[in-house]
Amino acid sequence: MAQARPRTFWLDPEVAGHAVPEAAPALSGAERADLAVVGGGYSGLWTALIAKERDPGRDVVLLEARTVGWAASGRNGGFCAASLTHGHGNGAQRWPEEIAELERLGRQNLDGIQSTVERHGIDCEFERTGEMAVATEPWQVDDLTDEAAALRALGQRVRTLTGARVRAEVDSPTYLGGLFDPDGVAMVHPAKLAWGLREACLRLGVRIREHTPVRAIRPERGGLRLESRGGSVSAERVAWGGGGFPGPLRRVRHFVAPVYDYALATEPLSSEQLAAVGWGNRQGVSDSGNRFHYYRLTADNRILWGGYDVVYHYGGRVRPAYDQRPDTFHRLARHFFTTFPQLEGLSFTHSWGGVIDTCSRFCAFFGTAHRGRLAYAAGYTGLGVGATRFGAQVMLDRLDGADTERTRLAMVRAKPVPFPPEPLRYAGIQATKRAIAAADRDGGRRNAWLRTLDAVGMGFDS
Ligand SMILES: Cc1cc2nc3c(=O)[nH]c(=O)nc-3n(C[C@H](O)[C@H](O)[C@H](O)COP(=O)(O)OP(=O)(O)OC[C@H]3O[C@@H](n4cnc5c(N)ncnc54)[C@H](O)[C@@H]3O)c2cc1C
């Protein structure tokens, strides 16, 4: 850890090939637009891009508080998953009658991301490698076997793997079995995806205003006025893609808890180190406890290793200082060498954290405000790289008043159970985290607290 710089690997301009774009000027004066999009993460970028693709004549402006891709969208693990429901299990439990359609729409969404990347020439190191979920405890082998059966019943090409087969792919003494999904996940360079979407938006005529935090939303004749420090935008319609950040859209606050997720990146592996691990197929890997790690290779053969700890600060506070958490980084590093003891001596070069917008059902929810003139999508809970494109389509469907296969979904129409106010929110999240840790130690068995939350459809995850 001694060499680890406290910065996001993907956003580090000193890493070869990371060309951070120059920021666009902030909003100044009064502007008008047909559609104003708030947020320069994937949520806002997909909304602006698809709005222009659907209707090139629509005048679109995107307002970003800092710079495009600085937040979760530029600092995630880069697992671009088809699942719209934070995994099949969560979706099947909540919407058993709809899960086949949700899975179909999710696959269609991932294909749509791939074809957009190709159509706009976005260089984001897109690799459709699939993902291997690995079991490191016997109870997880059983869970993966059940999940494989459910996915196969939906016609998906997933394969269960014995411990030996998993270790032939990626070698760790901790692996007991696995589940490989070859189609459902792609690996991307997250910041390059955000920057590439930004570029594509600009080419289609979207006006981008960076360093423009929207402080207020005011109804006015014919639409809404968004106010920032140096100016305002009057727009007929507004799409809100502000992620986990508290802002003027108060109604989402009951449903979203901003939590911090953390990751490390190693130095590039030498060919001997790589040979000691295998990983010839470059698939994303995640382990299968309730508290899980996700890990992958970068284009220059570093290992990105993240997850496990998720940290909620009292009152939903979001602070730059929380991006660094030495205790978590040391814990992650210890877990890394337990998984890959053959890499002893490898150094970490980057450590970082970022905010995810957790909600109690673990996947995005949708809504409108200001008499249908504003649409929002939030609550992606750590699996928004792919799902934000679907959320963008839902927001645009809603703003256009369109009745589509997306807007008819129960998953889209229903809201999650809200989190209670403080201090209950903090106490509840801490109690749930303790119960989840206990379940991981106790063969996956869920105690009375977790079973009660399950019964009311609530939970806490990353
Ligand atoms: C460490 C980490 C690892 C992750 N790994 C994965 C992964 O591997 N796979 C996966 O699918 N997901 C992952 N995620 C989650 C994923 O990154 C998010 O779900 C996704 O990026 C959400 O996109 P977003 O646009 O909604 O939010 P963000 O990327 O947070 O963007 C929101 C933007 O809105 C802006 N904004 C907010 N309020 C305002 C305002 N009032 N005015 C103007 N602008 C505003 C913010 O400045 C920000 O740029 C991870 C997240 C983290 C932090």
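Note that the numbering runs from 1 along the sequence shown for the chain. Hydrogens, waters and symmetry mates are skipped; everything else that's a heavy atom, side chains included, is used. Remember, it's a predicted structure, so these values are computed and weren't measured experimentally. Counting starts at 1 for both ligands and their atoms, following the listed order.
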Listed partners of Asp34 passing side-chain hydrogen bond (donor to acceptor under 3.5 Å, both in side chains), at least two apart: none

Arg406 charged N/C atom sitting above Phe366 aromatic ring, 6.0 Å / 45°: no

Proximity of Phe336 and His293 rings by center, below 6.0 Å: no

Which N or O atoms of ligand 1 sit under 3.5 Å from a protein N or O, and how far apart is each pair?
{"from": "ligand 1", "atom 1": "5 (N)", "to": "Gly77", "atom 2": "N", "distance (Å)": "2.9"}
{"from": "ligand 1", "atom 1": "8 (O)", "to": "Gly77", "atom 2": "N", "distance (Å)": "3.4"}
{"from": "ligand 1", "atom 1": "8 (O)", "to": "Gly78", "atom 2": "N", "distance (Å)": "3.4"}
{"from": "ligand 1", "atom 1": "8 (O)", "to": "Phe79", "atom 2": "N", "distance (Å)": "3.1"}
{"from": "ligand 1", "atom 1": "9 (N)", "to": "Phe79", "atom 2": "O", "distance (Å)": "2.8"}
{"from": "ligand 1", "atom 1": "11 (O)", "to": "Phe79", "atom 2": "O", "distance (Å)": "3.2"}
{"from": "ligand 1", "atom 1": "11 (O)", "to": "Gly384", "atom 2": "N", "distance (Å)": "3.1"}
{"from": "ligand 1", "atom 1": "11 (O)", "to": "Val385", "atom 2": "N", "distance (Å)": "2.9"}
{"from": "ligand 1", "atom 1": "12 (N)", "to": "Gly382", "atom 2": "O", "distance (Å)": "3.1"}
{"from": "ligand 1", "atom 1": "12 (N)", "to": "Gly384", "atom 2": "N", "distance (Å)": "3.3"}
{"from": "ligand 1", "atom 1": "17 (O)", "to": "Ala72", "atom 2": "O", "distance (Å)": "3.2"}
{"from": "ligand 1", "atom 1": "17 (O)", "to": "Asn76", "atom 2": "ND2", "distance (Å)": "3.3"}
{"from": "ligand 1", "atom 1": "19 (O)", "to": "Gly384", "atom 2": "N", "distance (Å)": "3.1"}
{"from": "ligand 1", "atom 1": "21 (O)", "to": "Ser73", "atom 2": "N", "distance (Å)": "3.3"}
{"from": "ligand 1", "atom 1": "21 (O)", "to": "Ser73", "atom 2": "OG", "distance (Å)": "2.9"}
{"from": "ligand 1", "atom 1": "23 (O)", "to": "Ser73", "atom 2": "OG", "distance (Å)": "3.2"}
{"from": "ligand 1", "atom 1": "25 (O)", "to": "Tyr42", "atom 2": "N", "distance (Å)": "3.1"}
{"from": "ligand 1", "atom 1": "25 (O)", "to": "Ser43", "atom 2": "N", "distance (Å)": "2.9"}
{"from": "ligand 1", "atom 1": "29 (O)", "to": "Ser73", "atom 2": "N", "distance (Å)": "2.9"}
{"from": "ligand 1", "atom 1": "29 (O)", "to": "Ser73", "atom 2": "OG", "distance (Å)": "2.6"}
{"from": "ligand 1", "atom 1": "41 (N)", "to": "Val214", "atom 2": "O", "distance (Å)": "3.0"}
{"from": "ligand 1", "atom 1": "42 (N)", "to": "Val214", "atom 2": "N", "distance (Å)": "2.9"}
{"from": "ligand 1", "atom 1": "44 (N)", "to": "Ala65", "atom 2": "N", "distance (Å)": "3.0"}
{"from": "ligand 1", "atom 1": "47 (O)", "to": "Glu64", "atom 2": "OE1", "distance (Å)": "3.4"}
{"from": "ligand 1", "atom 1": "47 (O)", "to": "Glu64", "atom 2": "OE2", "distance (Å)": "2.7"}
{"from": "ligand 1", "atom 1": "47 (O)", "to": "Trp70", "atom 2": "NE1", "distance (Å)": "2.8"}
{"from": "ligand 1", "atom 1": "49 (O)", "to": "Glu64", "atom 2": "OE1", "distance (Å)": "2.7"}
{"from": "ligand 1", "atom 1": "49 (O)", "to": "Glu64", "atom 2": "OE2", "distance (Å)": "3.1"}
{"from": "ligand 1", "atom 1": "49 (O)", "to": "Trp70", "atom 2": "NE1", "distance (Å)": "3.2"}

Geometric class of the Tyr260/His313 ring pair [parallel <30°, tilted 30-60°, perpendicular >60°]: perpendicular

Contacts of type ring-ring contact (aromatic ring centres under 6.0 Å, His included), residue Trp95, not counting sequence neighbours: none

Qualifying residues under side-chain hydrogen bond (donor to acceptor under 3.5 Å, both in side chains), relative to Ser228, sequence neighbours excluded: none

